[in-house]
Amino acid sequence: MRDVAIVGVGTTQFGRAQWSLLKMMCEASHDAITDARIGDREIDGIFVANMGAGRNNKTLGIASALVDRMNLYPTPAEAIENGPASGASAVKTGYMAVASGMCDLVLVCGGERMREVNNLEATECVSYISHRYAEYVYGVTLPALAGMFARLYMQKYGVTQEHLAMVAIKNHDHGFVNRKAHIRERVTMEGLLHGPDVANNNPYVADPLRFYDCCPVSDGASAVLLAPASMAGDFAKRPVRIAGVGQATDCQAVHERPDPTELPAVRIAAQKAFQMAGLTPADIDVCELHDAFTILEIAESEECGFFPKGEGHKALERGETRLGGKLPISPSGGLKARGHPVGNTGVSQIVELVLQLRGEAGPYQVPSAKRGFAVNFGGFGNNVVATVLSEGV
Amino acid sequence: MIDELEAMLRPPKLEMIPYPPKSVVLANGETMVIRQASTDEVDTMLKIIQPVTWLERDFYDIVSARVFSELLGWKKYRVRNAYCLVGTIDGVLAGIVNGRLFDERYGISYHTLALRRGLRVGSHLFAAKMEYHIEYLKQEEVWIVAESPIGHRRWMIEYPLRPKYEIQHELGGAPSWTLTRETYFAAKPRLVTGTRPVSAELLATSYPIKEPDLQTFLVQIEDTMEARL
């Protein structure tokens with residue numbers, strides 16, 4: 001297999017898009033192509049990550065539509081749908097296409113326009129990833145699953161609502177300086193939990209999770225351009241190598257898992273990615289985790305091996321996971337503040353890591369970052385993709 | 001002194017006790033003062049609202065254009081029993097809510113316009129408006145319509161309000177909903193917050209109303225690359 005490098009990245013503003021999904025995806029793709037300055041080289045493979053366009057945007061065949069809009073035909077193109085892990089799955093598929101020698105220059109674009117429908121419909125759409133007969137028909141939504149998971153986690157490991165709020169405060173602080181983030185407001189412990197007006201500021205969504213424990217419903221698109229590492233020097237920007245990719249699955253219905261507080265798919269995906277990269281969690285300088293709910297950042301940071309099980313919240317308390325700490329987690333603001341256009345998120349995490357490893361993250365740059373790690377969490381942890389990136393080739 | 005014709009044009013009005021100011025600590029730790037506005041402050045508010053009337057986003061255009069005309073109508077004595085509450089943060093206008101009394105028993109909610117987004121400013125201000133009608137003006141019901149999906153979520157679903165489609169709300173065709181005293185007091189622990197009294201020092205910060213930085217708040221509302229350029 002050939003080594004694969006990321007030679008170009010692009011991303012749109014996250015938030016509520018005023019234009020179509022396709023236009024957002026074109027913008028991100030165009031930015032990635034421009035970033036790499038591909039000249040007259042031809043893109044010979046396109047993978048598009050999306051989850052809800054068929055329902056929310058009445059658009060199917062999104063990869064074909066993107067190719068047409070960008071005048072890239074007859075390039076082969078296909079869409080990848082793997083729930084909220086669609087983005088990282090598409091990057092993984094693009095990686096395989098280049099690594100195998102099947103393609104030399106691959107565009108991976110993720111995009112989601114969730115705010116074309118109201119948030120109840122968006123939540124309904126995302127809940128389609130739950131088990132249809134064991135969860136969905138009973139009204140279980142993703143916030144509900146996360147709420148039950150959080151309650152068990154709190155009982156088992158001593159995580160408190162303050163710890164959950166600390167994740168939100170940290171990631172909103174990070175997102176505040178990311179000009180492409182959806183939510184650019186700092187929040188405080190007083191405003192979220194201890195002030196006189198908490199009932200309205202931060203209402204319960206799914207006990208014990210409150211409003212600010214949940215990511216926003218966002219629109220956004222991101223893109224990366226992949227090439228063989230041996231060709232990476234031909235492009236404009238410093239390349240970033242995809243050093244490891246791991247993926248794992250788990251039982252779909254959360255209550256049927258032997259221990260619902262365990263996320264074995266996260267653990268296995270991370271182990272595989274580290275093994276492939278020949279690295280350990282201690283080698284990572286920066287990571288982007290899938291904090292769709294604050295509790296997930298804590299749980300994933302443990303399952304990935306950055307902290308012992310049940311100790312992620314203690315590292316958070318010590319400030320180790322914020323910018324300036326030992327292992328900054330989600331300096332972009334994460335899903336919590338940068339936003340979570342579901343099918344796109346995995347691609348945007350990779351874009352953020354590439355910016356970090358190139359030293360181009362600006363106000364949220366992790367100094368001297370050489371290796372990055374991302375977890376893209378599909379379903380409620382039943383299909384997870386982990387990626388390790390390394391500066392240079 | 002007003003002339004005889006002007007006097008005939010002005011509607012009669014009910015006595016309305018003033019809304020006592022309160023303070024709210026927002027999610028970001030900033031303190032918002034919610035207080036009654038006076039007609040002397042309308043010109044400042046109109047100046048702030050005017051640029052928003054062109055924002056075709058989240059129904060800011062229609063809501064701000066309507067608030068503009070309602071405030072002007074209030075200032076020019078063409079709307080009966082009208083009032084306006086404002087939320088200010090360090091004196092800077094963060095949002096406006098307004099309404100009027102249909103009669104002593106029934107209130108009419110007009111609009112909620114949040115100029116600062118992402119901190120539930122609109123939710124706090126709408127709650128203050130309902131508090132004014134139910135707790136201070138002692139009304140039986142407030143009639144409400146939503147002109148945006150955000151409004152529908154915040155009022156009809158969050159409280160939740162009761163449909164009252166047989167009433168024609170004076171804002172026009174949207175189906176009317178109602179907030180009863182029972183609904184209000186059931187929702188109050190969740191949604192109606194704030195601290196009273198407001199110290200004289202804090203209250204003084206809310207006078208005079210300061211304009212938000214135009215570019216900052218337009219970007220926050222618009223939230224697009226176009227607005228940033």
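Every chain is numbered from 1 and lettered A, B, ... according to where its sequence line falls, protein lines coming before strand lines. Nothing here was measured: the structure is a model prediction, and the numbers come from that model. Note that these values count all heavy atoms, side chains included, but never hydrogens, waters or copies made by symmetry.
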Legend entry - Contact check, side chains of B/Asn98 and B/Trp74, non-hydrogen atoms, under 4.5 Å: no
Inset, instruction - Name the option with the most non-hydrogen atom pairs under 4.5 Å to chain A; the candidates are B/Pro149, B/Ser23, B/Ser123, B/Pro189. - result: B/Ser123
Legend entry - When B/Thr195, B/Val192, B/Asp58, B/Val121 are compared by non-hydrogen pairs under 4.5 Å with chain A, the top option: B/Asp58
Inset, instruction - Pick one of side chain, backbone, both or neither for B/Glu30, based on which atoms fall under 4.5 Å of a heavy atom in chain A. - result: neither
Legend entry - Proximal component of B/Ile157, with respect to chain A [non-hydrogen, under 4.5 Å]: side chain
Inset, instruction - Kindly indicate whether a cation-pi arrangement holds for B/Arg35 with B/Tyr207, taking the cut-offs as under 6.0 Å to the six-membered ring centre and within 45° of the axis. - result: yes
Legend entry - Aromatic A/Phe211 / basic B/Arg120 pairing, under 6.0 angstrom, 45° off normal: yes
Inset, instruction - Please state whether the rings of B/Trp155 and B/Phe126 are parallel, tilted or perpendicular, taking 30° and 60° as the class boundaries. - result: parallel
Legend entry - Partners passing salt bridge (Lys or Arg N to Asp or Glu O under 4.0 Å) against B/Glu135 (at least two apart in sequence or in another chain): B/Lys188
Legend entry - A/Phe14/A/His340 aromatic ring centres below 6.0 Å: no
Legend entry - Short N-O contact, B/Arg196 and B/Glu131, less than 4.0 angstrom: yes
Inset, instruction - Answer yes or no: is there an ion pair linking A/Lys336 with A/Asp291, defined by an N-O contact shorter than 4.0 Å? - result: no
Inset, instruction - Using a heavy-atom cutoff of under 4.5 Å, enumerate the residues of residues 187-198 of chain A that contact chain B, numbered in order, or state 'none'. - result: A/Val187, A/Thr188, A/Glu190, A/Gly191, A/Leu192, A/Pro196, A/Asp197
